[in-house]
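Predicted model, so just to flag it, every value in this text is computed and none were measured.
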Amino acid sequence: MLRVNTSAAEGLASPAITMRTTEETEGFDGEASNTSMISGASSPYQPTTEPVLSRNVLGAMRCDMEYLRSYFGILKAVEVVLSFISFICIETIMMCSPCAGVYFFEFVSCSSFVVTGVLLLIFCINLHIKVPQVNWNLTDLVNTAASTFFFFLSSLVLACINHNTGSEIAAVIFGFLVTGVYGLNTFLAVRRWRSGNGCQGAAQTSEYMRARTASRGEMEARPELA
């Protein structure tokens, strides 16, 4: 009667089974890695690189001397100075009766000084280019037109209701001066708007979107895996 040495047979079969199992596992891992690579390549959720402009809005700021030498830069600087002088003159008034005209002129001069000063700073450091979502030409036009109207109105009220003190007379004089400067700035801003430069916001937005498209690149359509 023959006896089969099962332990020897199992010993001979184990390396073959182990080798086959290892090869199958490696093949499965290779197929899985290839599948993951292909699916990752065809996935629509690809890592993108945002343009530096959208992440660092305040980066690379510089003083634009050309704007300061232009008509709008000079007019804005004069408006800031005259508004500040008018505010100082009205603040030196110690007694008033009635005080409605004084308070109104004080509010107008302070508001015009702050808003025009902020716009001057924005245009000087080219922040209006880095924030194209805002139509800065229209914003400047609205500010100059409103400042012209309110400065003229407050100066007229103060000229009619005053006690002929030196501070009140000086405030009225500087108020009408800054009204003339704001009026000239409004005229130039309206002419610039009519000439077609008022579409600065839309042009800056298109340039911004074109920069984003160029930096991120166009994604090619790829067939999905079956």
Side-chain angles (χ1 to χ4, degrees), residues 61-131 134-201 204:
M61 291 189 304
R62 61 181 181 84
C63 182
D64 190 359
M65 299 304 298
E66 294 182 359
Y67 177 79
L68 291 176
R69 298 189 187 99
S70 65
Y71 291 113
F72 290 100
I74 295 174
L75 287 175
K76 275 206 172 18
V78 174
E79 290 163 1
V80 170
V81 173
L82 291 180
S83 299
F84 183 67
I85 294 176
S86 301
F87 178 72
I88 292 177
C89 291
I90 204 66
E91 284 296 314
T92 56
I93 298 177
M94 304 303 298
M95 298 180 61
C96 61
S97 179
C99 297
V102 174
Y103 292 156
F104 183 41
F105 189 91
E106 179 182 7
F107 172 76
V108 172
S109 58
C110 181
S111 301
S112 300
F113 168 72
V114 172
V115 176
T116 307
V118 170
L119 287 176
L120 178 61
L121 179 63
I122 289 175
F123 286 119
C124 284
I125 63 177
N126 288 327
L127 187 60
H128 62 291
I129 299 177
K130 301 179 184 299
V131 186
V134 180
N135 193 327
W136 294 104
N137 284 340
L138 180 60
T139 304
D140 183 33
L141 175 58
V142 172
N143 172 66
T144 53
S147 299
T148 302
F149 174 76
F150 286 110
F151 248 121
F152 176 76
L153 185 60
S154 61
S155 300
L156 185 61
V157 171
L158 187 61
C160 297
I161 307 175
N162 64 81
H163 299 82
N164 294 325
T165 61
S167 299
E168 290 175 332
I169 295 174
V172 170
I173 292 175
F174 282 105
F176 281 115
L177 284 176
V178 71
T179 299
V181 178
Y182 270 115
L184 178 59
N185 194 355
T186 303
F187 171 75
L188 295 177
V190 170
R191 189 173 66 177
R192 178 179 60 181
W193 177 262
R194 289 182 177 179
S195 65
N197 293 331
C199 302
Q200 177 192 21
Q204 289 178 351

Item to complete: Check whether NZ of the Lys or CZ of the Arg R192 lies under 6.0 Å from the centre of the six-membered ring of F72 and within 45 degrees of that ring's axis.
Response: yes
Worksheet entry | Separation of F107 CZ from I90 CD1 (nearest 0.5 Å) | 14.5 Å
Practice prompt. Please assess S112 against Y182 for the test side-chain contact (heavy atoms from CB on, under 4.5 Å), listing each intermediate value before the final yes or no.
Written response: CA-CA 10 Å; S112 300; Y182 270 115; 3.6 Å; yes
Worksheet item: With distance as the sole test, does S83 use its side chain to make a donor-acceptor pair with the main-chain N or O of V80 at under 3.5 Å?
Response: no
Practice prompt. Looking only at non-hydrogen atoms, find the nearest pair between T148 and T179 and report the distance.
Written response: O-CG2, 3.7 Å
Worksheet item: Does one side chain, of S86 or S109, offer a donor that lies under 3.5 Å from an acceptor on the other?
Response: no
Discussion item. One pair to check against side-chain contact (heavy atoms from CB on, under 4.5 Å): F104 and L158. What are the steps and the verdict?
Written reply: CA-CA 9 Å; F104 183 41; L158 187 61; over 6 Å; no
Worksheet item: In Å, rounded to the nearest 0.5 Å, how long is the span from CZ of F174 to CD1 of I85?
Response: 4.5 Å
Worksheet item: Looking only at heavy atoms, what is the nearest atom pair of A189 and T144, with distance?
Response: CB-OG1, 4.5 Å
Worksheet entry | Side chain N126, main chain I129, donor-acceptor under 3.5 Å | no
Practice prompt. Show your working on side-chain contact (heavy atoms from CB on, under 4.5 Å) between V134 and H128 and close with a plain yes or no.
Written response: CA-CA 8 Å; V134 180; H128 62 291; over 6 Å; no
Practice prompt. Give a yes or no on whether the backbone of V131 and the side-chain of W136 come within a donor-acceptor separation of less than 3.5 Å.
Written response: yes
Discussion item. Rounded at 0.5 Å granularity, tell me how far CD in E79 sits from CG in L177.
Written reply: 12.5 Å
Item to complete: Verify whether the ring centers belonging to F113 and F87 lie closer than 6.0 Å.
Response: no
Item to complete: Kindly indicate whether the side chain of L68, heavy atoms from C-beta on, has any atom under 4.5 Å from the side chain of L120.
Response: yes
Worksheet item: What distance separates L141 CG from L188 CG, expressed to the nearest 0.5 Å?
Response: 11.0 Å
Worksheet entry | Gap separating the OG1 atom of T165 from the CE atom of M94, nearest 0.5 angstrom | 11.5 Å
Worksheet item: Should the heavy atoms of other residues, nucleotides or ligands under 6.0 Å from OH of Y67 be counted, would the total exceed 12?
Response: yes
Worksheet entry | Any V157 side-chain heavy atom under 4.5 Å of F105 side chain | no
Worksheet item: After noting the C-alpha distance and the side-chain angles of D140 and K76, does the key distance pass the side-chain contact (heavy atoms from CB on, under 4.5 Å) rule?
Response: CA-CA 10 Å; D140 183 33; K76 275 206 172 18; 2.4 Å; yes
Worksheet entry | Side-chain heavy-atom pair I88, F84 within 4.5 angstrom cut-off | yes
Worksheet item: In Å, rounded to the nearest 0.5 Å, how long is the span from CG of L119 to CG of L127?
Response: 11.0 Å
